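In what follows, a single structure is set out as structure tokens and then discussed.
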Amino acid sequence: MKYYKLRQQMLKFLSTVAIVFFMVIFLVPFYFLVINSFKDLAGITKNVAGLPEKWVFNNFVRAWDRSDFPNAFGNSLFVTVFSLAGVVLFSSMAAYRITRHPSKFNNIIFICCLAEMIIPFQVIMIPLVVVLKNLSLINTLYGLIYANLGLGVAMGVFMFSGFIKSVPKTLEEAAMIEGCSQLQIFFKVVFPLLKSIIFTLIILDTFWFWNDYLLPVLVISRPALRTLPIAISSFMGQYFLQWDLALPALTMAILPAAITFLVLQKNIVSGLVAGAVKE
């Protein structure tokens with residue numbers, strides 16, 4: 001008995017040490033990012049890991065002005081918010097239809113969603129740009145939102161469909177007896193029950209849409225429509241890197257996504273587990 005308790009305590013201790021070790025490894029890049037944001041270029045070059053000899057707060061003001069941060073922030077916020085709203089709405093409705101009305105056609109749609117999750121973006125990026133060009137959506141934020149919807153709905157359908165299978169059909173039947181239409185049943189009965197999955201999807205897609213660089217750089221070329229990743233990349237030329245401006249801009253850019261994660265993090269595990277439920 002004593003050996004068993006000692007073994008359990010040892011395993012618990014080792015697990016704690018491992019968690020702390022990986023947490024430190026995870027936080028090291030953020031340490032370098034934040035600390036070097038308060039150094040001038042000479043200070044960054046001289047000592048990357050150490051604390052600043054002289055704290056330079058003006059870096060944030062210069063990065064704010066040089067990157068046109070408010071405009072880029074507004075563009076990223078506009079694209080992220082409307083992309084998230086569209087993905088949540090369309091994927092939840094599609095998953096409900098596929099789950100509650102099984103047919104060969106709906107099964108094909110679900111398989112196509114799974115296939116879209118497997119295919120690398122690099123394979124479809126050129127055809128995607130061609131489609132957006134034919135629709136006159138190049139150099140528009142709406143084109144970027146449209147592309148995000150097409151790429152993001154598949155994972156949403158997969159996650160929502162797993163959870164909807166666990167929702168008792170008796171709830172929907174009771175609402176139908178009360179005279180609710182299919183849309184009313186979905187929005188008044190089913191959709192509120194999807195809260196944990198919605199929060200999980202919002203967290204995952206917020207990091208994706210907010211930090212995405214490749215798709216915006218393919219779709220957007222007008223300076224006025226630049227998102228934050230494109231604006232920050234202007235500090236990184238072929239022969240010279242303006243670290244004293246790029247790092248403060250990166251620090252300011254990650255704050256909204258980090259805040260979103262901290263606010264909604266408790267829903268990640270519950271949402272992923274709920275989405276894995278099957279009949």
Side-chain angles (χ1 to χ4, degrees), residues 29-30 32-33 36-37 41 59-60 62-88 90-91 116-156 201-261:
F30 293 96
F32 281 103
L33 174 65
N36 288 289
S37 296
L41 188 58
N59 288 346
F60 291 88
R62 293 168 57 215
W64 181 281
D65 294 334
R66 289 279 299 277
S67 64
D68 193 11
F69 194 90
N71 181 64
F73 180 89
N75 292 335
S76 289
L77 184 64
F78 179 82
V79 170
T80 300
V81 169
F82 282 93
S83 296
L84 288 173
V87 167
V88 169
F90 294 131
S91 60
E116 194 273 335
M117 294 171 60
I118 298 172
I119 299 174
F121 173 72
Q122 290 77 5
V123 175
I124 62 174
M125 64 181 184
I126 300 302
L128 178 61
V129 172
V130 172
V131 171
L132 293 176
K133 183 178 180 180
N134 292 335
L135 295 174
S136 300
L137 292 176
I138 294 293
N139 271 325
T140 66
L141 295 180
Y142 300 104
L144 190 54
I145 293 172
Y146 181 78
N148 285 337
L149 291 180
L151 296 171
V153 164
M155 185 175 68
L201 192 62
I202 287 176
I203 292 172
L204 297 176
D205 284 353
T206 294
F207 283 99
W208 173 14
F209 298 145
W210 187 264
N211 298 321
D212 190 20
Y213 173 80
L214 183 55
L215 181 58
V217 84
L218 290 172
V219 177
I220 303 297
S221 60
R222 292 172 54 191
L225 299 178
R226 295 187 305 179
T227 57
L228 278 175
I230 301 177
I232 294 172
S233 69
S234 64
F235 298 126
M236 303 176 186
Q238 183 176 1
Y239 302 106
F240 184 72
L241 301 178
Q242 296 178 287
W243 290 116
D244 55 330
L245 298 180
L247 295 178
L250 282 169
T251 301
M252 292 186 291
I254 66 174
L255 284 178
I259 292 172
T260 302
F261 174 79

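This chain uses plain numbering: 1 for the first residue, then up along the sequence. Remember, it's a predicted structure, so these values are computed and weren't measured experimentally.
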**Item:** Exam field: side chain Asn139 to backbone Arg222, donor-acceptor pair closer than 3.5 Å
**Value:** yes

**Request:** Keeping the roles fixed (side chain from Asn148, backbone from Thr80), state whether a donor-acceptor pair exists under 3.5 Å.
**Result:** no

**Prompt:** So, the side chain of Asp212 versus the backbone of Trp208: is there a donor-acceptor pair under 3.5 Å, distance only?
**Reply:** no

**Prompt:** What is the minimum heavy-atom distance between Gln242 and Ser234, and which atoms define it?
**Reply:** OE1-O, 4.4 Å

**Request:** Using the side-chain contact (heavy atoms from CB on, under 4.5 Å) rule, take Val87 and Met155 through it: C-alpha gap first, then chi angles, then the decisive distance, then the call.
**Result:** CA-CA 9 Å; Val87 167; Met155 185 175 68; over 6 Å; no

**Request:** Please round to the nearest 0.5 Å and tell me the distance separating atom OG1 of Thr140 and atom CG of Leu225.
**Result:** 8.0 Å

**Fill in**
Per side chain to side chain contact (heavy atoms under 4.5 Å, CB included), Trp243 is matched among Asn36, Leu250, Asn59, Leu41 by Leu41

**Item:** Heavy-atom pair with the smallest gap, counting every atom of Arg226 and Ser67
**Value:** NH2-O, 3.7 Å

**Asked** With no hydrogens and no angle check, is any side-chain donor or acceptor of Thr227 less than 3.5 Å from a backbone partner on Asn75?
**Response** no

**Within the 6.0 Å centroid threshold, strictly below: Phe78 and Phe82** = yes

**Prompt:** Taking the inter-plane angle between the rings of Phe69 and Phe73 on a 0 to 90° scale, is it parallel (under 30°), tilted (30 to 60°) or perpendicular (over 60°)?
**Reply:** parallel

**Item:** Shortest non-hydrogen contact between Leu228 and Ser76, atoms and distance
**Value:** N-OG, 2.9 Å

**Asked** Between CZ of Phe60 and CG of Asp244, what distance do you get to the nearest 0.5 Å?
**Response** 11.5 Å

**Prompt:** Which heavy-atom pair separates Ala154 from Glu116 by the least distance, and what is that distance?
**Reply:** CB-OE1, 2.9 Å

**Item:** Gap between atom CG of Leu247 and atom CE of Met252 - 0.5 Å precision
**Value:** 11.0 Å

**Request:** Output all residues satisfying side-chain contact (heavy atoms from CB on, under 4.5 Å) with Ile254, sequence neighbours left out; order by chain, then residue number.
**Result:** Phe30, Leu33

**Request:** Could you tell me the separation between the CD1 atom of Ile220 and the CD1 atom of Ile138, rounded to the nearest 0.5 Å?
**Result:** 8.0 Å

**Prompt:** Step by step, would you call Ile232 with Tyr213 a side-chain contact (heavy atoms from CB on, under 4.5 Å)?
**Reply:** CA-CA 10 Å; Ile232 294 172; Tyr213 173 80; over 6 Å; no

**Request:** Would you check, one step at a time, whether the test side-chain contact (heavy atoms from CB on, under 4.5 Å) holds for Ile124 with Leu151?
**Result:** CA-CA 10 Å; Ile124 62 174; Leu151 296 171; 3.6 Å; yes

**Message:** Could you report the tightest heavy-atom contact between Gly143 and Leu132, atom names first, then the distance?
**Reply:** O-CD2, 3.8 Å

**Request:** Kindly compute the distance separating CG (Leu149) from OH (Tyr146), expressed to the nearest 0.5 Å.
**Result:** 9.0 Å

**Fill in**
Residues pairing under salt bridge (Lys or Arg N to Asp or Glu O under 4.0 Å) where one sits in residues 247-257, two or more places apart or in two chains, turn out to be none

**Any donor-acceptor N/O pair, Trp210 side chain to Ala253 backbone, under 3.5 Å** = yes

**Item:** Minimum heavy-atom distance Leu214-Val217, with the two atoms named
**Value:** O-CG1, 3.1 Å

**Sub-4.5 Å side-chain heavy-atom contact between Leu128 and Leu218** = no

